[in-house]
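Below is one structure, written out as structure tokens, with a few remarks after it.
In what follows, chains are A, B, ... by sequence order, proteins preceding strands, each numbered from 1. Just the heavy atoms: all of them, side chains too, but no hydrogens, waters or symmetry mates, feed the values below.
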Amino acid sequence: AQSVAQPEDQVNVAEGNPLTVKCTYSVSGNPYLFWYVQYPNRGLQFLLKYITGDNLVKGSYGFEAEFNKSQTSFHLKKPSALVSDSALYFCAVGRSGSYIPTFGRGTSLIVHP
Amino acid sequence: DTAVSQTPKYLVTQMGNDKSIKCEQNLGHDTMYWYKQDSKKFLKIMFSYNNKELIINETVPNRFSPKSPDKAHLNLHINSLELGDSAVYFCASSPRDGFTDTQYFGPGTRLTVL
């Protein structure tokens, strides 16, 4: 079984400030973790993923995420937020042998000018 | 060139009707998916189709049936449409499997059932 939780429905941050979007997961075996972004009226776009290796993963548009096995977390971060980062962010988890990934409920990121 | 395309973009229909949504990917991927995103933006996977194997999500009513004429196409047919079927449906594809590969999403089809 696998599940993922995004505890915040919405995150507000001022432009230029660092941002964090939280994600925790539960999976039997090794997790495969993803972040996707959805802009209004668009499909999801891939940001980054953790499969194995370095716990700090760098992705598109200056985003990064840190895999923390002990806390079962994969929080998305960016050092300096842009207004254009405002979107809906989804965390997803998969596991070996499963063709069906599980997505979180999504977190709406709002970056204020 | 569009990697994953869906038609139509908008679909408005009456309860009880049967409708289809088409999806095509030109990425040469082996696996395709259908997702449903409801009005609260919750995203739920409905089906995954990997070459010869269809993976069915048990929570999906059997009124929904995916059909794959070839590896590049995965269509979604919906029988006896209900009000609760109103949502945005996304098609996606990935190179091989779902658990390690990046998924590429289509632009979505907004279905409204009246």
Chain A contact via B:Ile45 - which portion, at a heavy-atom distance below 4.5 Å: side chain

For the student: nearest non-hydrogen atoms of B:Phe42 and A:Arg105, plus distance: CZ-NH2, 3.2 Å

Shortest non-hydrogen separation from B:Arg110 to A:Asn41 and the atoms involved: NH2-OD1, 3.9 Å

ILVMFWY network linking B:Val4 to A:Leu47, side-chain heavy atoms under 4.5 angstrom: no

A:Arg95 portion near chain B, given a 4.5 angstrom heavy-atom threshold: backbone

Path from B:Leu83 to B:Val12 over hydrophobic side-chain contacts below 4.5 Å: no

B:Tyr33 side chain vs A:Pro101 backbone, donor-acceptor pair below 3.5 Å: no

Distance-minimising heavy-atom pair for A:Phe34 and B:Asp101: CE2-O, 3.4 Å

Hydrophobic cluster membership, A:Leu109 vs B:Leu43, 4.5 Å side-chain cutoff: no

Same apolar cluster (I L V M F W Y, side chains within < 4.5 Å links), A:Leu48/A:Val37: yes

ILVMFWY cluster, A:Tyr32 and A:Val57 together (side-chain gap under 4.5 Å): no

Sub-4.5 Å side-chain heavy-atom contact between B:Gln103 and A:Leu44: no

Heavy atoms from other residues, nucleotides or ligands near NZ of B:Lys71 exceed 12 (cutoff 6.0 Å): yes

Residue B:Gln6 versus chain A: region with a heavy atom under 4.5 Å: neither

CG/B:Asp70: more than 12 non-hydrogen atoms of other groups inside 6.0 Å: yes

Per-residue contact mode, A:Gln38 against chain B (heavy atom under 4.5 angstrom): side chain

Side chain, backbone, both or neither of B:Tyr104 within contact of chain A (heavy atoms, under 4.5 Å): neither

Interface moiety of A:Tyr36 toward chain B, non-hydrogen atoms closer than 4.5 Å: side chain

